[in-house]
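Side-chain atoms are counted along with the backbone in the values below, which use heavy atoms only and exclude waters and symmetry mates. Position 1 is the first residue of the sequence, and the numbers go up from there.
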Amino acid sequence: MKDLVEVIAKALVDNPDEVKVEEKADGKNIVVELHVAPSDMGKVIGKQGRIAKAIRCVVKAASSKDDLRVDVDII
């Protein structure tokens with residue numbers, strides 16, 4: 001899931017070098033923390049959170065086949 005979030009985020013931002021993704025696993029629960037530059041925060045979140053919601057939806061769909069619960073936190 002870490003690689004998926006990283007690829008999506010790097011495609012959206014102006015500074016792909018500053019994208020960092022951390023993954024913390026706890027059994028079947030995984031928390032993916034996405035760190036981007038402050039100037040790119042709006043591009044990752046989108047108007048009314050639509051892009052952030054879409055990223056979470058894609059990750060949820062990808063994780064459902066492995067029977068995992070993945071949360072994406074944008075920091």
Side-chain angles (χ1 to χ4, degrees):
M1 294 304 124
K2 177 181 174 182
D3 296 333
L4 176 63
V5 172
E6 189 172 356
V7 167
I8 293 170
K10 284 186 177 184
L12 293 171
V13 298
D14 289 333
N15 303 316
D17 298 335
E18 295 188 32
V19 172
K20 292 182 179 59
V21 180
E22 297 177 11
E23 187 174 76
K24 298 176 184 176
D26 181 31
K28 290 200 172 200
N29 295 330
I30 298 174
V31 176
V32 178
E33 294 181 350
L34 173 61
H35 300 269
V36 295
S39 61
D40 291 329
M41 189 64 74
K43 292 180 180 159
V44 174
I45 295 174
K47 288 186 180 181
Q48 298 179 355
R50 288 183 183 158
I51 294 176
K53 194 180 294 185
I55 292 171
R56 289 182 179 114
C57 184
V58 168
V59 170
K60 183 178 178 182
S63 67
S64 67
K65 71 175 183 173
D66 296 332
D67 195 31
L68 297 172
R69 185 180 188 286
V70 180
D71 293 327
V72 179
D73 294 337
I74 300 169
I75 301 173

Engineer: Would you list the pairs meeting side-chain hydrogen bond (donor to acceptor under 3.5 Å, both in side chains) in which at least one residue belongs to residues 49-65, sequence neighbours left out?
Structural biologist: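 Residue pairs passing side-chain hydrogen bond (donor to acceptor under 3.5 Å, both in side chains), neighbours aside: none found.
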Engineer: If you group Ile, Leu, Val, Met, Phe, Trp and Tyr by side-chain heavy-atom gaps below 4.5 Å, do Val19 and Leu12 land in one group?
Structural biologist: yes
Engineer: When rounded to the nearest 0.5 angstrom, what distance separates CD1 in Ile8 from CD1 in Ile55?
Structural biologist: 6.0 Å
Engineer: Is it the case that atom CG in Asp66 sees more than 12 heavy atoms from other parts of the structure closer than 6.0 Å?
Structural biologist: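 Above 12, so yes.
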Engineer: Is Val70 linked to Val31 within one hydrophobic cluster, defined over Ile, Leu, Val, Met, Phe, Trp and Tyr using a side-chain heavy-atom separation of less than 4.5 Å?
Structural biologist: no
Engineer: Are the charged groups of Glu6 and Lys2 less than 4.0 angstrom apart, N to O?
Structural biologist: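 Not counted as a salt bridge, because no side-chain N and carboxylate O are separated by less than 4.0 Å.
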Engineer: Say whether Val7 and Val21 are linked into one hydrophobic cluster, either directly or through other cluster members, by side-chain heavy-atom distances under 4.5 angstrom.
Structural biologist: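 Cluster IDs for Val7 and Val21 differ.
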Engineer: Are Val36 and Met41 close enough that some pair of their side-chain heavy atoms sits under 4.5 Å apart?
Structural biologist: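 SC-SC contact between Val36 and Met41 confirmed.
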Engineer: Check whether any side-chain N or O of Asp40 sits under 3.5 Å from a backbone N or O of Asn15 as a donor-acceptor pair, and report yes or no.
Structural biologist: yes
Engineer: Measure across Pro16 and Lys10 and return the closest heavy-atom pair with its distance rounded to 0.1 Å.
Structural biologist: O-CE, 3.5 Å
Engineer: Using links of under 4.5 Å between side-chain heavy atoms of ILVMFWY residues, direct or through other members, which residues join Ile75 in one cluster?
Structural biologist: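 Taking Ile, Leu, Val, Met, Phe, Trp and Tyr as members, Ile75 stands alone, with no cluster partners.
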Engineer: Measuring from atom CD of Glu33 to atom CD of Glu22, what distance do you get when rounded to the nearest 0.5 angstrom?
Structural biologist: 5.5 Å
Engineer: In this structure, would Val13 and Ile45 fall into the same cluster of hydrophobic residues linked by side-chain contacts under 4.5 Å?
Structural biologist: yes
Engineer: Out of curiosity, Asp26 CG to Arg69 CZ, how far, rounded to the nearest 0.5 Å?
Structural biologist: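 The distance works out to 11.5 Å.
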